[in-house]
Amino acid sequence: MPLRLRQAVAGRPNLLSSRNVGVISVGEKGYVVYPSGPNVVILTPDLDLSDTLPFWSALPHRASTSSIGDVRGICCSNVDHLIVAWTDVHVVLWQYLSSKKAGSWAVHSTVLASNPIQSLDFRAGTLVLGTQNGIEYWRMNPQAEVVVWDRLWERSHPTPTSIHLSPSSGHIAWYKAGQKSAYILATDRVGQAVGMAQEIRHPREISWIGWRKPTAGSSDSHLYTITANSVFRIYSPVLDDPLWFQLLSSLDHMAFLKPVTHSTGKGKEPEGSNFGSMWVWDAEVLREAIKSEIARIKDKQIQIPEETRKKLEGLETEESDIIAWTGADGSLVLRSIINIERKPPTLLKSLPLTQCSIPPLSSPSSWASDTLMLHTPGSIPSLLAVLAPAPDYPTITTYKLSLVEILSSGSLAITPTSRSMSADETGPVQLQYPIERFARTPNGRGLLAIGENGEIATWYKQQLSLRPGKWHLGPRTLIGKGHWKIPHTPSEAALFAKGRAIVFYINSPDEPARITLQHLDSGSMKPREPVTLPHFSPSADDHVEMLLAVSDIDDGYSGGSRRTQRAIITAATRNGEAWVWRVISRITPQEGDLENQPDVQLISHYRLPLNSTHDDEGCKPKMILPVDPMGWHQSVIDWTTDTPLQDMILTISTDGDLEFWTPKIGGHLAGQKTENEVKHGDAACDHDEAGAVEKGDEAWIRTGMVRTERSNLVMARCSSRKKTVLVCELDDGRHEMTIWDSKVSEFSTGLELTHIFEKGDKIQDLDWTTTSDLQSVLAVGFAHKVVLVCEQRMSYVETTPGWAPFLTIDMERYTPVPISDSIWLAGGSLAVGTGNQIYLFSRFLGRDSPSPSPVGSVKSVAMDEEEPEDIFQLIAHRNGPLVDYHPIQLGQCLLWNKADLVKNILLELGKSLRQCEEDGKKRIRFHRLDPSDFYSRRKKAKKIKASTSKYDGLFDSFQPPPEEEEDEFTDRVVNDLVDRLNGKVAVPLSAPEKSFLATVAQATLEADQQRRSLDLCGMRYLISLRMYVNWDRLSSSSPTPVSATSPTFPDFNQSATEDKRKNHFSFRNIVWANHSESQELLLSASKESCRDGKMGWEDARRMGVFLWLKGGESYNSQLEDIARNRFMQDEDRDPTSCSLIFFALGKKKVVHGLWRQAPGHKEQTLMLKFLANDFEQERWKTAALKNAYALLSKQRYEYAAAFFMLGGSPRDAINVCLRHLNDWQLGVALARVVEPHEAVGPILKWILEDTVLPIAFRGGHRWLASWAFWTLGRRDLSVKILISPMNSIATEFSPLKSLEVGNPDNDDPSLLLMFQHLKSKSLQTAKGTNEVSTKLEYDFVLHNARVFFRMGCHNLALDLLRSWSFERPFFPSRTKQQTFAPPTPISTSPSRPTITGLNTLTSSYIGHSRRPTFMLTNDKRRESLFMDMDVLNDSTTNTSATPTPTTSQSPNGIATPTEQIPPQEEEEKKSSPIQPKKIGNLMKELKQDVQQGGMEFNMDNFF
């Protein structure tokens, strides 16, 4: 998907020869060709860049490896469609091929001369070279398939300045600049020179020569010459000697000053010293233009006066040549020469033709003798005059000529093309040397380019309100402001005041380093004398790496008509030394220029207090960068107090630590002039005690720090939103790009993207910008392409990178020259520098590009078009807020118990679709909900049947309950909505998203219908299951997983496609089911999701059925069904596939029966005989174990586990499942079967502690760890692991044996749901909740609010922050409650940086008035605490040594957990003194009361 090219600034023409511009016509297209640097540039007639031909890459390899020089000149051939260019001794020819890529230029051939070339000419396969030694004559066969050039001869002559072949190729003419003689040499039919060259002397120096192009069939040769005094002469061969030329006729400038008969009056008499400029119109081009005009007249396309028509017809009949003369007053006089091909020569005449005026902005001296004519045929033919560049005006200009207006002396005779210089433009600015780098103003309005050899150029980007289709009608958006050269190329540059103030850091070897400020006045191409910034004296081994300038007009402080009054300039060196200057400019109100040089004052000089422990060279950072102000949507500095409002400097240590700094300068300014002795002077840069600065009085404040642990940094950039991209070079030479956010916490390392490029992809350039809705966009530049990267919306159903490319600019479509730099400008425009050219791309997308799939964002709904128009809209589609009815947002609302809101949204969506369809609208119009609707508890009014019963009498006040309410959300409504989603009205959702929306609607209906029998946890599992089934169906039908988010980075994790399909059913859903009491409904729904309603082991493992299903007969029955399904789905009916489960269930006879049904199995006879034995006997148990070990050696692991189970060794069987089958879920299922009478048997405990929990901690799986702790009976840790740092939980659980901890899964708002659900579930969970600090909970809530934001659920993020309750369940304790302070996590992975510099959370954050809780607050009575621990015993024991509770049967049949107390502890309790009463005795009595079937209670009622 390409961006629209808004403008291309071509390079400056090379003025190295007399042939520095050419014109060529190809079909109905015309081009202007000229040399620029080492390239040949091709422009359209409107001077828009069409193509660039690199000269040196067209040469053979042995020649292209020599030193690259500039192209000296070009020559064009309209007949052969060839462009010829040369430099030094090399000549390259390009030919236009219409069959290749819809028309392109390809290398035709190359020529190697014997001497350096000064001029050349080409015609009909003949090439004549004017070298430093003389003339070389080359020929080739144009009809040959293989082009071979032959040098026919070489002659010594004075070096020709300009050389020309006659149209018949029978003569060669040349002259040398500054001399008065021209030379003509004749050649024969085979190209050999005939005789000696004829010298034609002139009284004045020759300025131009050229051959007349004869009419078809004529072989006459006429040589035209023009001398410096504007005298035109015609030479032709004499009748008796065709090799000898003599003067035929002449015209001087006085002939053009005679009165001309036309309606405008007489010409003016010029001064005697003014000869004017004379140029000859190309006879061939003139004939084509006259024919086109006459054809239009005959077709009645134009109406012209009769006199003008006669002049046109006369020019065509007489085949006249036209000579034009331009006077100093801007008048253009034309004379015609007739009878030039008639015999005798005395018939030749010169007649006055017409007179008109050139455009006012055009200089008369520009219309010189080398002006060219270009005619482009077509429906509306055009005739252009191409003015060659000159030393005083080194650019090419074109003017449109109208023959009808010229002959009529009309005012529109000569008009500038639409791409001529704008009135606001100071002058045409084109670069002569290759671009090294760009700089811009903070708001992107001004652009500065630094070229080689100290070349500087500036432009201003206009803000034009033109649609892309009308760009050609308006002026250029990038207009030139200045162009000059300085002796030394600056190392750093900054720009402010709309590009009129330039700051340079120059570090030349022969002068001290300095920073200068220059001002560019309006109308001037060169700036004023530079002002050196005071008090800048870095050490000799130090240099500036960061230069930033911000003015009051560049950051939105002043209006468009205001001029810069104040500015702040900041510089920082590699060693961390920083300077801040204030600039005050006095502007004249009329011209807007400076009255005098600006006043510059140093207001801060300080060394940044960097952390030196990370650097071997003391405080020297690896990099020091500016926080890019591009895209700031608020003022950078409070100009009333001159206080910075943004971070300005980013330092990067060698270890990859990012530190953000802002200057504290507001106290020094206060609007008054500072002293020379600034408060933070040079003493602040010393490290001794005398130069120390008191704490709190530092000039620079570190506002944040991110530890990335990245080394070998190559490149880095920081955006205005404080997004930092780092490029590191790996050991194998590849580039790794990472993107970091400055907002870090215990739950966010800041890392948002990691991508490793291939070896051939070397990153050359990085630059940031910001969209109108504050989204960061990164441009990654390579040699021939620029990849645009933006944040992508987080997905809830799969893991996707936080950033993804959304557009690639392939510069090879425009030029083969490598990219030197790229930079963002205002309005989302991107400037790309290649060589000495600049390509400016707008933010608008090309209409010929394929449109992306519609994405359900707020921006897409607000648009009238079906597809985004620019990249800002495209980015908003990929990462902006979701529409209210987006399935991702509705799914989250269902999880957060907002079913009524979801139903209301779906009802409104159905009504909107129905209304739009009735109104004939093609696109949906949906009214967004107010954000308050997402956190209000108001329900939609439901229809209530009117009661017709009347009651009279004594008991009228006792009305019977009304009939049940009618709910609008019914099957009919849902089915109608699903049908309309794919109807005539367009909904901005992709096909997978529409399918998801239909699934959400159906799941909402199902949950609503089963709300009496389905609890909240079960409802969450059911919704996730439905979404999973839908996802799995879509994924299986497409080669890649379908996601609602944008695609990942190129080739990013493509190998994990199948794993994503299988593993995207998150473990969080299993945990929801584990805490649900609606087991039968969930099991039934899980079976329905399987193929044919038959659940296999793969299905059960994916959905974790045997992890959440309660033990008992149902558990065993479901496991037996899976074994039977596994046996039946195998066509061979192999009993070995199900033997393990049946043996674990103790059903040996079933397996024996299955073997009888497998007559084709080779092991049937042996197994029938073996299974007939009694395995209660030790003999046969031993035999089974021996067979198991034998099967292990044969790597038949599952069958070996079956024999271990048959031999009465379930632990060995499960060990095989864990080690060889890598299936711990199967091990858990078998353990719960073989240990049916224990809540957590020894085998299950061994599996959880030695296998499951290490997997959970190593992978950072909080959900898995929570389930494992809950199953183990450590419910306090099950709650804490949801939001606490996993390092601290691992240490608390296993203090003696360290567990490896990976990157935790923190980006999941459902963790807060589970934490809210469990924190008051039991005494253990209440205890674990109280051990989590409020600060930690606050940070986790804030982090997941950002996750909601990244998911596009902005309303839910607001709801979470608004209504989350930090209320804690009261947990009694004998001693003073100790607040758990988790240690700072120390990462074992290099991608997990830690957090520093967090502000202390004060009580004001949590001391606000209580709001309703985010999810669980309702009108129902709260559930009771589950008594799963002894408060008295726990108050004297360590938290980490809490015994595992077991379950005992209470007298009323309720299973109640009790604790197994070791004998020693029991004796200690008996011998201990009497426990004090108070809270402990009360809790003990309450526990006994509950065990005896006492009434339900709430802990809040007691405390």
Side-chain angles (χ1 to χ4, degrees), residues 1 792-800 804 806 845 849-868 873-892 894 902 905-906 909-910 912-914 916-917 921-926 973-1005 1023-1048 1054 1057-1058 1060-1061 1064-1065 1089 1351-1353:
M1 182 186 303
Q792 68 169 346
R793 193 178 294 115
M794 180 181 291
S795 174
Y796 189 74
V797 294
E798 67 168 341
T799 302
T800 56
F806 66 95
L845 301 172
S849 60
S851 61
S853 300
V855 181
S857 67
V858 175
K859 286 280 186 177
S860 63
V861 177
M863 288 172 50
D864 294 331
E865 287 79 7
E866 292 290 338
E867 61 185 36
Q873 294 178 358
L874 183 60
I875 294 169
H877 294 173
R878 293 176 178 267
N879 194 42
L882 294 171
V883 291
D884 295 337
Y885 54 82
H886 195 281
I888 296 297
Q889 181 150 261
L890 294 183
Q892 289 297 316
L894 289 176
V902 173
I905 292 175
L906 292 176
L909 177 62
S912 299
L913 288 172
R914 190 182 311 110
C916 290
E917 188 172 342
K921 295 182 179 179
K922 297 182 179 180
R923 193 168 180 81
I924 188 174
R925 295 294 184 268
F926 184 84
V973 173
V974 171
N975 294 333
D976 181 71
L977 174 62
V978 173
D979 293 338
R980 292 182 185 275
L981 285 177
N982 295 314
K984 299 179 180 179
V985 180
V987 181
L989 296 175
S990 61
E993 289 170 342
K994 291 179 181 179
S995 179
F996 268 117
L997 181 57
T999 302
V1000 170
Q1002 293 167 354
T1004 304
L1005 178 64
I1023 293 172
S1024 301
L1025 180 65
R1026 294 290 182 256
M1027 295 179 67
Y1028 158 72
V1029 173
N1030 183 77
W1031 171 274
D1032 191 63
R1033 177 177 57 83
L1034 293 174
S1035 299
S1036 61
S1037 62
S1038 60
T1040 56
V1042 182
S1043 172
T1045 59
S1046 58
T1048 57
Q1054 293 296 324
T1057 299
E1058 294 299 326
K1060 285 184 179 181
R1061 287 184 179 178
H1064 66 265
F1065 190 74
S1089 66
M1351 290 173 59
C1353 304

Point to revise | From CD (Q889) to CG (L997), nearest 0.5 Å | key: 12.0 Å

Check your understanding: About how many Å separate CG of D884 and CG of L906, when rounded to the nearest 0.5 Å?
Key -> 11.0 Å

Exercise for review: Answer whether the closest heavy-atom distance between the side chains of L913 and L981 falls below 4.5 Å.
Suggested key: yes

Review point. Is the closest side-chain heavy-atom distance between Y885 and P988 below 4.5 Å?
Key: yes

Review point. Taking C-beta and beyond as the side chain, do E917 and R980 meet within less than 4.5 Å on heavy atoms?
Key: yes

Review point. Does any N or O in the side chain of E993 come within less than 3.5 Å of the main-chain N or O of P887, such that one atom is a donor and the other an acceptor?
Key: no

Practice item. Heavy atoms only: give me the nearest V974-Q1002 pair and the separation to one decimal. Key: CG1-CG, 4.0 Å

Check your understanding: Quick one: OG on S912 to CD1 on I905, what's the gap to the nearest 0.5 Å?
Key -> 11.5 Å

Check your understanding: Going through the distances and angles, do F926 and V883 end up as a side-chain contact (heavy atoms from CB on, under 4.5 Å)?
Key -> CA-CA 9 Å; F926 184 84; V883 291; over 6 Å; no

Point to revise | Minimum-distance pair of heavy atoms, taken over all atoms of L882 and C1353 | key: CD1-SG, 4.4 Å

Revision key, fill the gap. Interatomic distance, OG1@T1004 vs CD1@I1023, rounded to 0.5 Å, equals 6.0 Å

Exercise for review: Would you confirm whether R793, through its side chain, and G880, through its main-chain N or O, come within 3.5 Å as a donor-acceptor pair?
Suggested key: yes

Point to revise | Closest non-hydrogen atom pair, H886 against L989 | key: CD2-CD2, 3.6 Å

Review point. Can you tell me how far CG of L890 sits from CG of L909, rounded to the nearest 0.5 angstrom?
Key: 8.5 Å

Exercise for review: Tell me, please, which residues at least two apart from N975 pass side chain to side chain donor-acceptor pair (under 3.5 Å).
Suggested key: none

